[in-house]
Structures are given as structure tokens and as C-alpha cells.
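One structure is given below, encoded as C-alpha cells.
From a predicted model like this one, the values you see are computed outputs, not experimental measurements. Numbers here are sequence positions counted from 1.
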Amino acid sequence: MSDIIPVFLGADLNCYNFARAFHEAYGVESYAYGRYPMAPTKYSKIIHFTTVPDMDNEDTMLRILHDFAAQHKGKRLYLFGCTDDYAAMIIRRKAELTEYIAPGPAADLYGSIQKKAEFYEVCDKFGIPYPDTKILTAPVDAAELTAEKLGFAYPIIVKPSSSVDYWKHPFDTMKKVYTAATPAEAAEIVKTIYASGYPDRMVLQKMVPGGDDHMRVLTAFSDENGKVRAMCLGHTMVEEHTPHGLGNHAAIVSEDTTSLPLVENIRKMLEACHYTGFSNFDIKYSGTPGDYRVFEINLRQGRSNYYVTATGMNIAKLVVEKWSDGGTDCVLNKNEVFWHHVPAQVAFTYTEDKDLVARAKALKAQGKEACSLLYKPDLMWNPVRYACVLEQLRRQFKKFKKYYPVKNKR
């Protein structure tokens, strides 16, 4: 299988997790391009990273990828975006990248479900519940955002419908997700975001009670014919709480995928839409038995995708072996594994559900544990990488101590 070459756009943990999966499955090294290097992939022996300052320019992307393909003729080239922006670029220009196998949805489908507001419209058709929501298309006065007019009480959640467009218009107080305690605060958040140049709709939502441990993540893989071939459920232990990282999974216990009541609804939605490639869903359990609310869909593998590989469902193998095999089977993971990209002790300390902590500790004791960055083949005889990884893990203690006490609940 040495003719396989994975190519990634991005340099974050998403990239490293996927490259590690390819290395484990096929012993191949990956290539990655991005605007700047990032710690998760620095000094790695399994990823060849190239800095391209304007890699987010589509003409530059096409030139780089065409040149790479010309230099590796006869190889099976697999292409993936590791951020929403890069994934969107590949989806939009996939017809011009015929040298690559680039699993991902069609461009017209991307336009209909990538944005949260549009995604919720699709959810309505398939009985997939989401939090009570109010959509705005422009700033409004606080008087228009009272609990009575919204239909749900404060505090509320405020977030952009299009994360791709949102991150293109940075400002000093920028966060991934906002919490507003009053109508005046909600109005000010919306006004600030629109003032930055953000062009799309804004989402105001009822806050679903519960902390990080009420979150679930569902990853699905659909083949080139739009058949869902694999699904894996993760129970979030704790998330990151830095302003730009809020909502990123820091530790997960994988669970029996069939235990999620929405699994069949989501499978039917994906197949009806003829979705192809990886999809990743953020879901929250409200605390009421059976009540799960979907927040959004990511049209790519999630940043925490190694939680899937760690169960034995290697995501690289899903792509290589199921993308075009013509099969119809759908594997639902049932294996429990404790995955983390922060030190295990950080996960144990900051996870509020102590029963979940006990499960994670038991899995760790059984050897059913995986830390993304602690990959022996990449650390062996690689002291600079080893030092870099240790420093990344060490800094997590300080980050959680600084940011976690602020209850940024969605």
C-alpha cells in the first residue's frame, strides 16, 4: 500500500490525528500545507509540512496541489481539509482537482447545510431536534431580543451561522461562541460581529442545561455513493475553554453508538442528502431522558477524530477501503475507549461527571486509552518532537486553571 499519499490542508490536531491514522494503517507519511506551522504537527517525522502564507487563496491552493500531483504521478493521492475554511475550498474546487480522491460533499449540498441556520431547516425534515432558535440577518435593538420575543429565557447562546465567514473577519473580543445574560448584551454581541464585516445570519439559541459532560460527538463516514458506512459516538468528558478553542473536545469516552436515539435519523438525513465523506455532529443531552439536541454539522472529520481510530475504526482505512468498494454495510462502533489530547490528569480533574471519570480511569487501567500526541513511532529518536509534545501537554494544566472556571456552557 506504499502508493498511498495523504495530503492535508492545515497543521492542527485534526491534521496530526488523521496523519497518525494513515501511518498506523499503512505505514505512510503524509504531506501538509498551511499558512503557518502549528504545535501539534511540529517536528513530526510522519508529516512533511510546508508553510504557504497565502494557502487560503484558492488559486494558490490549486497551483500547489497540481504541482504536488505532477511530482507524484502514479500515486493514490488523498486530499483532506482540516479546518472549515480549507474543507470549503476543496469542496468548491473539487472538480478541478481530479488527480486527488477528496471525500466530501458536493458543492451545492455544502451551501445548504454548512451554515447552522440552513442546517436546522434540514433537521426539521428528518425529526432531528435542535435548541430553540431565533435567526437574525442584521443588528437589532435590545427591545427586539427580550425573552418574550425570543420565546426562551436568558441567559442565551449567540453564535454566527457561518463559521467560515465569521473567522475571516477578526476582532479583539472574538470568541467561538458567546453567552448573553441580557437582551442588551445579546444586542451588543450581534452588533459587534456585524460591525466586523461578517455577512451572514446570526443564531440566538436557548441554552441547553449541563456542562461539557453533557456533550456528545457523532462521526459518520459516507462513501462515494452516499451510503453511510460507519458511525462512532463519543461522550465528551471535558472541552477546551480558551476563547478561540471553546467547544473543542479535550477528552472523550467512546460509547455504544446505538445508544444515541438520533443515530437513525441522522443516517437517513445523510443518505437522503446524498452526503459523501466525513461528517461530524455536535450534540448535547439536555438531562431529560432521551432528549438530545444537535448543534451543528461539520462537513469534514472532526478535530478530535482520533477518538474514532482509537476504537479500532481507523478513519484512514474507512477512506481507503470503503470509499469506492460498492458496499452497503454500516458499522456502528460499540467499543469503549478513553481518548484525550490533554494529560489524563487534566481530564480527570476538570470533568464534572465523576461517574464518567471512573469509567475513563477503568478504561485506562485496562489499556483502552489513547493520547493523540503520544505516538511512539513519531517520538522515538526524535528528541525535539518529544520535547515539543511534553511542552504542549504541560501547558494544558495552566490553560485549564486559567479558563475552565468560567462556565462557558452552550
Side-chain angles (χ1 to χ4, degrees), residues 1-2 4-56 60-61 64-65 67-68 71-72 75 77-83 85-87 240 242 244-245 248-252 300-310 314-316 319 339-347 369-400 402:
M1 304 294 281
S2 59
I4 291 173
I5 301 181
V7 180
F8 300 99
L9 302 188
D12 62 357
L13 185 67
N14 189 328
C15 177
Y16 191 80
N17 281 332
F18 212 162
R20 176 175 171 176
F22 268 102
H23 192 264
E24 287 183 9
Y26 304 111
V28 298
E29 297 173 4
S30 298
Y31 291 78
Y33 296 91
R35 290 179 296 156
Y36 43 80
M38 298 182 73
T41 49
K42 270 188 177 180
Y43 313 116
S44 172
K45 293 191 297 184
I46 67 171
I47 302 171
H48 303 282
F49 177 76
T50 301
T51 300
V52 182
D54 62 337
M55 195 65 198
D56 56 346
T60 299
M61 175 193 74
I64 293 289
L65 292 177
D67 287 349
F68 184 89
Q71 295 165 15
H72 297 86
K75 301 292 186 180
L77 305 178
Y78 291 88
L79 177 63
F80 307 93
C82 296
T83 67
D85 202 12
Y86 284 137
E240 294 181 29
T242 59
H244 285 196
N248 288 335
H249 307 116
I252 291 171
R300 53 174 173 79
Q301 70 286 349
R303 181 174 178 271
S304 57
N305 63 73
Y306 198 81
Y307 91 89
V308 182
T309 298
N314 185 298
I315 65 169
V319 172
W339 168 86
H340 52 103
H341 83 85
V342 299
Q345 191 55 49
V346 170
E369 173 197 25
C371 179
S372 289
L373 298 176
L374 296 180
Y375 184 40
K376 190 174 180 179
D378 203 11
L379 298 176
M380 192 180 299
W381 307 111
N382 192 357
V384 180
R385 170 72 182 174
Y386 188 75
C388 180
V389 166
L390 289 183
E391 178 61 15
Q392 290 177 68
L393 295 174
R394 186 191 68 80
R395 290 185 179 186
Q396 294 295 342
F397 290 94
K398 185 176 181 180
K399 283 184 180 180
F400 273 80
K402 179 178 181 180

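Judged as a ring-ring contact (aromatic ring centres under 6.0 Å, His included), and not counting sequence neighbours, the contacts of His48 are Tyr31. Remark: Asn17 pairs with Ser372 by the side-chain hydrogen bond (donor to acceptor under 3.5 Å, both in side chains) rule, at least two apart or across chains. Take Ala32 and apply the side chain to side chain contact (heavy atoms under 4.5 Å, CB included) test, not counting sequence neighbours, and it matches Phe8, Cys15, Ile47, Phe49.
Applying the salt bridge (charged side-chain N to carboxylate O under 4.0 Å, His left out) definition to pairs two or more places apart or across chains, none involves residues 41-55. Pairs passing the salt bridge (charged side-chain N to carboxylate O under 4.0 Å, His left out) check and including a residue from residues 20-38, sequence neighbours excluded, read Arg20-Glu24, Arg35-Asp56. The salt bridge (charged side-chain N to carboxylate O under 4.0 Å, His left out) pairs that include a residue from residues 5-18 number zero, where partners must be two or more places apart or lie in different chains.
Taking the side chain as every heavy atom from C-beta outward, Leu379 and Leu373 never approach each other to under 4.5 Å. Between Pro377 and Ile46, the closest side-chain pair of non-hydrogen atoms is not below 4.5 Å. Counting heavy atoms from C-beta outward, Met55 and Tyr86 have side chains that approach closer than 4.5 Å.
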One pair to check against side-chain contact (heavy atoms from CB on, under 4.5 Å): Phe80 and Ile315. What are the steps and the verdict? CA-CA 12 Å; Phe80 307 93; Ile315 65 169; over 6 Å; no
Walk me through it: do Leu393 and Leu374 pass the test side-chain contact (heavy atoms from CB on, under 4.5 Å)? CA-CA 10 Å; Leu393 295 174; Leu374 296 180; 4.0 Å; yes
Steps toward side-chain contact (heavy atoms from CB on, under 4.5 Å) verdict (Tyr43, Val389): CA-CA 10 Å; Tyr43 313 116; Val389 166; over 6 Å; no
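Between Tyr78 and Phe22, the ring planes lie tilted relative to each other; the angle falls in the 30° to 60° range. Note on ring orientation: taking the six-membered ring where Trp is involved, the planes of Trp339 and His341 are tilted (angle from 30° to 60°). By the 30° and 60° cut-offs, the orientation of the rings of His23 relative to Tyr375 is perpendicular.
When all heavy atoms of Asn305 and Gln301 are compared, the pair lying nearest together is ND2-CG, 3.6 Å. Shown here for Tyr36 and Ala11, the closest heavy-atom pair between the two residues is O-CB, 4.0 Å. When every heavy atom of Tyr16 is checked against every heavy atom of Ser44, the shortest pair comes out as CE1-OG, 3.7 Å. Gly10 approaches Cys82 most closely through the heavy-atom pair CA-CB, 4.3 Å. The two atoms that bring Ala347 and Val342 nearest to each other are N-CG2, 4.2 Å, heavy atoms only. The two residues Thr309 and Ala21 have their closest heavy-atom pair at OG1-CB, 3.7 Å.
In this structure, Asn314 CG and Phe18 CZ are separated by 8.5 Å, a value rounded to the nearest 0.5 Å. The structure places CG of Leu13 at 9.0 Å from CG of Asn248, a figure rounded to the nearest 0.5 Å. Interatomic distance, Glu391 CD to Gln396 CD, rounded to the nearest 0.5 Å: 10.5 Å. Taken to the nearest 0.5 Å, the CG atom of Asn14 stands 11.0 Å off from the CG atom of Leu9. Atom NZ of residue Lys75 and atom CG of residue Leu77 lie 9.5 Å apart, to the nearest 0.5 angstrom. Put simply, NE2 on His340 and CD on Gln345 are 11.0 Å apart, with the number rounded to the nearest 0.5 Å.
Checked by atom type and distance alone, the side chain of Gln392 pairs as donor or acceptor with a backbone atom of Ala39 at under 3.5 Å.
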